[in-house]
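Just so you know, ligand 1 is whichever comes first in the structure, and atom 1 is the first atom listed for that ligand. Quick note: residue numbers are just sequence positions, from 1. Model, not experiment: these values are computed from the prediction.
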Amino acid sequence: MVEITRSFEIEVEAIDADHRQLVEIINEITQAIDDGRAGECADLVPNFVEFSQQHFAREEALLTKHAYPLAEKHRQHHVGLTDKMKNIQALSERAADSQPAADALRKELVFILMDDVINEDLAFKSFLMKAEARDTSGDDAGS
Ligand SMILES: [Fe+2]
Ligand SMILES: [Fe+2]
């Protein structure tokens with residue numbers, strides 16, 4: 001079971017909510033593998049892939065909106081992750097008949113989430129926190 005601890009929170013609610021949702025889908029998939037229901041992976045993994053894509057788009061839009069200097073680099077990072085999703089998709093289709101495929105699938109999902117999705121996002125945490133806080137106080141400023 002994967003959990004997002006405080007130190008992995010970006011402290012921008014829209015992004016943290018997405019990350020929690022990604023964790024939830026991954027936990028659902030690993031639970032299915034543990035319970036001998038690996039056949040469900042072929043249905044569950046596309047949810048993960050689709051939600052990841054939506055999340056990447058939301059994140060990139062937010063970084064662009066605040067003119068994050070390394071937005072393009074982060075977008076490229078997402079492109080790399082999207083590439084890895086093809087392998088994950090292929091593993092999910094074999095998971096029902098192959099324990100090694102199911103094990104590899106579990107490893108890949110956790111790796112993508114922890115090492116890529118969340119660790120890399122920490123790079124823009126303080127930038128985005130400040131930018132969002134500025135936006136909020138700007139809205140209240142009035143005249
Ligand atoms: Fe993210
Ligand atoms: Fe990201």
Side-chain angles (χ1 to χ4, degrees), residues 1-96 98-141:
M1 184 93 159
V2 182
E3 254 179 291
I4 295 189
T5 55
R6 279 287 276 139
S7 57
F8 286 109
E9 280 177 9
I10 303 298
E11 291 178 43
V12 172
E13 183 48 28
I15 294 193
D16 287 330
D18 274 2
H19 288 166
R20 282 193 297 270
Q21 178 68 24
L22 287 169
V23 167
E24 214 166 285
I25 302 172
I26 286 181
N27 283 333
E28 217 182 313
I29 296 169
T30 53
Q31 192 65 58
I33 295 172
D34 289 347
D35 293 351
R37 294 178 283 111
E40 293 178 20
C41 291
D43 288 326
L44 293 171
V45 168
N47 293 343
F48 174 75
V49 173
E50 197 188 314
F51 191 81
S52 299
Q53 296 308 304
Q54 293 167 0
H55 166 60
F56 293 162
R58 274 193 284 273
E59 212 173 79
E60 287 164 21
L62 206 55
L63 294 177
T64 304
K65 176 185 158 197
H66 292 301
Y68 177 56
L70 300 174
E72 176 54 24
K73 186 173 171 242
H74 198 77
R75 197 189 66 78
Q76 286 300 330
H77 160 71
H78 287 163
V79 170
L81 289 182
T82 300
D83 221 47
K84 287 186 185 171
M85 302 272 178
K86 288 175 199 146
N87 181 37
I88 284 183
Q89 193 105 36
L91 287 171
S92 75
E93 284 156 20
R94 289 166 40 217
S98 159
Q99 191 59 42
D103 292 339
L105 175 63
R106 164 211 293 278
K107 245 196 220 151
E108 281 293 305
L109 284 170
V110 174
F111 175 82
I112 279 206
L113 186 78
M114 299 315 292
D115 267 13
D116 290 315
V117 177
I118 296 177
N119 265 340
E120 282 289 318
D121 287 359
L122 289 176
F124 59 69
K125 173 175 174 168
S126 69
F127 175 90
L128 208 53
M129 269 172 71
K130 282 180 206 146
E132 288 277 290
R134 247 196 321 271
D135 258 23
T136 314
S137 63
D139 289 346
D140 297 340

Undergrad: Are Arg75 and Leu63 side-chain neighbours, meaning at least one heavy-atom pair lies under 4.5 Å?
TA: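 Arg75 does not reach Leu63 side chain to side chain.
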
Undergrad: Answer yes or no as to whether an N/O/S atom of Asp121 is found below 2.8 Å from the Fe ion (ligand 2).
TA: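 Short answer: yes, at least one N, O or S atom is under the cut-off.
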
Undergrad: Out of the N/O/S atoms in His74, what is the name of the one closest to the Fe ion (ligand 2)?
TA: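 For His74, the N/O/S atom sitting closest to the Fe ion (ligand 2) is NE2.
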
Undergrad: So, 2.8 Å as the limit: is an N/O/S atom of His77 located closer than that to the Fe ion (ligand 2)?
TA: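 Looking at His77, which is the residue asked about, there is no N, O or S atom under 2.8 Å from the Fe ion (ligand 2).
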
Undergrad: Starting from the Fe ion (ligand 2), look over the N/O/S atoms of His78 and name the nearest one.
TA: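 The Fe ion (ligand 2) is closest to the His78 atom NE2, counting only N, O or S.
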
Undergrad: Within this structure, what is the CG-CD1 distance for the pair Asn47 and Ile29, rounded to the nearest 0.5 Å?
TA: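 Between Asn47 CG and Ile29 CD1, I get 7.5 Å after rounding to 0.5 Å.
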
Undergrad: In this structure, which one of His74, Glu72, His78, Lys73 forms a side-chain contact (heavy atoms from CB on, under 4.5 Å) with Gln76?
TA: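 Exactly one option meets the side-chain contact (heavy atoms from CB on, under 4.5 Å) with Gln76, and it is Glu72.
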
Undergrad: Rounded to the nearest 0.5 Å, what's the gap from CD1 on Ile10 to CZ on Phe124? Could you check?
TA: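 These two atoms lie 5.0 Å from each other.
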
Undergrad: For the pair Ser137 (side chain) and Arg134 (backbone), establish whether a donor and an acceptor sit closer than 3.5 Å, ignoring hydrogens and angles.
TA: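 Checking the backbone N and O of Arg134 against the side chain of Ser137, a donor-acceptor pair under 3.5 Å is found.
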
Undergrad: What's the atom name of the N, O or S in His19 nearest to the Fe ion (ligand 1)?
TA: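 Result for His19 and the Fe ion (ligand 1): NE2.
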
Undergrad: Can you tell me which N/O/S atom of Glu59 has the shortest distance to the Fe ion (ligand 2)?
TA: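 Looking at Glu59, the N, O or S atom with the least distance to the Fe ion (ligand 2) is OE1.
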
Undergrad: Would you call the rings of His55 and His19 parallel, tilted or perpendicular, where under 30° means parallel and over 60° means perpendicular?
TA: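 His55 vs His19 ring planes: perpendicular.
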
Undergrad: Taking just the N, O or S atoms of His55, which one is nearest to the Fe ion (ligand 1)?
TA: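 That would be atom NE2.
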
